[in-house]
Protein chains: 2
Amino acid sequence: MVKDNLFTSYLKKDGLKITNQRINILKCIKLFKNHFNAEDVYEYLKKNLKEVSRASIYRMLPLLKKDGIIKEVGRDENDKIIYECVENVPHHDHIVCIKCGKIIEFKNEKIEKLQNDICMQYKFKLLEHNMELKGICKECLKREKKNDIN
Amino acid sequence: MVKDNLFTSYLKKDGLKITNQRINILKCIKLFKNHFNAEDVYEYLKKNLKEVSRASIYRMLPLLKKDGIIKEVGRDENDKIIYECVENVPHHDHIVCIKCGKIIEFKNEKIEKLQNDICMQYKFKLLEHNMELKGICKECLKREKKNDIN
DNA sequence: TCCTTAATTGAGAATGAGTTTCAATTTCAA
DNA sequence: TTGAAATTGAAACTCATTCTCAATTAAGGA
Ligand SMILES: [Mn+2]
Ligand SMILES: [Mn+2]
Ligand SMILES: [Zn+2]
Ligand SMILES: [Zn+2]
């Protein structure tokens with residue numbers, strides 16, 4: 001029923017059946033430039049493409065993660081899992097504001113190099129890493145100062 | 001009712017009242033050498049000290065985190081928040097083997113310095129960080145090679 | 001194209017970690 | 001000792017995620 005296209009290769013690779021739901025979820029995720037959660041996918045599909053059940057979305061996201069198409073970034077303030085599409089996106093790490101949830105992306109080659117060096121010392125084969133710097137962003141610091149005029 | 005002791009300073013620092021429940025939770029956490037979750041605290045207290053309600057434990061852990069006595073390490077397989085006591089424990093990061101689960105602790109001052117530099121650039125107030133290097137440990141690599149004699 | 005079958009879907013129920021409520025209890029400063 | 005204010009705990013609640021299962025659908029072979 002569904003024609004082969006750019007997206008089906010991910011599904012076939014895992015021996016998954018090509019369904020409209022899965023294609024729509026894949027399309028949706030590729031459109032997100034920023035971080036997203038399961039509900040974001042649900043809302044986007046509801047508004048813009050055919051509706052897909054939450055169950056199918058929650059089933060699909062771990063599969064996409066296993067295939068390296070998306071990556072778990074952390075949790076938002078409502079404890080929802082935050083994902084990001086990492087296909088064709090260069091690796092980067094995150095600075096996260098604990099006040100407003102804002103995420104700054106950065107990459108530092110020196111740190112990446114040091115990480116490799118450390119693992120070499122332990123004869124450890126480094127496959128991936130997560131680095132999250134948590135604190136308070138510029139804007140929230142400014143707001144805090146204003147409110148501190150008690 | 002409760003005599004001042006080693007533990008009360010944490011509570012007083014935050015203007016919290018010194019209750020037996022809080023003292024018991026503090027005592028318990030200091031006994032854990034490894035990672036723990038809220039349920040571990042509940043079970044330990046139930047068996048070894050006076051029982052404390054889950055509500056009080058769930059209320060206490062974020063306070064202890066805010067005071068830098070414990071640290072959120074991640075989530076376990078049941079999605080429970082994993083903590084570790086970081087008082088009198090020098091900061092370190094983790095190398096985690098995805099095969100056997102082994103954890104190597106390390107600290108690299110150069111990386112710590114670079115992390116600070118990066119946050120300064122963004123005028124971001126760095127409060128804490130998590131860095132986890134994931135891959136395969138020396139021993140597991142050795143075992144894999146042996147088994148690869150197919 | 002038509003069948004067969006196993007995978008997939010989705011509505012709704014269930015799960016479970018963590019939070020909140022509120023009456024009873026406790027702390028602690030005065 | 002007293003009393004205002006904080007704390008406690010049982011139970012209800014929240015809500016992200018998972019599960020159930022009957023109905024639907026993909027896909028390969030006839
Ligand atoms: Mn990112
Ligand atoms: Mn550690
Ligand atoms: Zn912020
Ligand atoms: Zn290992």
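All chains are named by letter (A, B, ...) in the order of the sequence lines, taking the proteins before the strands, and each is independently numbered beginning at 1.
Atom CZ of B/Arg54 and atom C1' of D/dA12 are 15 Å apart (whole Å). We find that OH of A/Tyr42 is positioned 11 Å from P of C/dG12, with the value rounded to whole Å. When rounded to the nearest whole Å, the span between CZ of B/Arg75 and C1' of D/dT17 equals 12 Å. When rounded to the nearest whole Å, the span between CG of B/Leu63 and P of D/dT7 equals 9 Å. In this structure, B/Gln21 atom CD and C/dT26 atom P are separated by 9 Å, rounded to whole Å. For the pair B/Leu26 CG and D/dT7 P, the computed distance is 14 Å after rounding to whole Å. As rounded to whole Å, 13 Å separates atom P of C/dG10 from atom NZ of A/Lys46. B/Glu39 places its CD atom 12 Å from the C1' atom of C/dG18, with the value rounded to the nearest Å.
Here the nucleotide nearest the side chain of A/Tyr58, chosen from C/dG10, D/dT18, C/dT8, is D/dT18. Side chain of A/Ile18, nearest nucleotide from C/dG10, D/dA27, D/dT8: D/dA27. Residue A/Ala55 has its side chain nearest to C/dG12 when only C/dA7, C/dT27, C/dG12 are considered. Listed nucleotides D/dA16, C/dG10, D/dA26 differ in distance to A/Ser56; the shortest reach to its side chain belongs to C/dG10.
For the pair B/Arg22 (side chain) and B/Lys17 (backbone), a donor-acceptor distance under 3.5 Å is present. Between the A/Asp76 side chain and the A/Asn78 main chain, a donor and an acceptor come within less than 3.5 Å of each other.
In terms of position on DNA chain C, the residue among B/Ala38 and B/Leu16 whose nearest nucleotide sits closer to the 5' end is B/Ala38. Each of A/Asp79 and B/Lys17 was matched to the nucleotide of DNA chain D holding its nearest heavy atom; the match closer to the 5' end belongs to B/Lys17. For the pair B/Arg22 and A/Pro62, nearest-nucleotide mapping onto DNA chain D gives the more 5' position to B/Arg22.
Contact annotation for A/Asn78: backbone-only contact, meaning every heavy-atom pair under 4.0 Å involves sugar-phosphate atoms and none involves a base.
Taking CG from A/Leu49 and SG from A/Cys28, the interatomic distance works out to 7.0 Å, rounded to the nearest 0.5 Å.
One donor-acceptor pair, N or O on each side, does fall under 3.5 Å between the base of C/dT21 and the side chain of B/Arg59.
Using a 30° and 60° split on the angle between ring planes, B/His35 and B/His94 fall in the perpendicular class, above 60°.
Under the 4.0 Å criterion applied to side-chain N and carboxylate O atoms, B/Lys65 and B/Glu72 are assigned as salt-bridge partners.
In this model, the phosphate group of D/dA6 is not approached by any side-chain N or O of B/Thr19 to a distance below 4.0 Å at OP1 or OP2.
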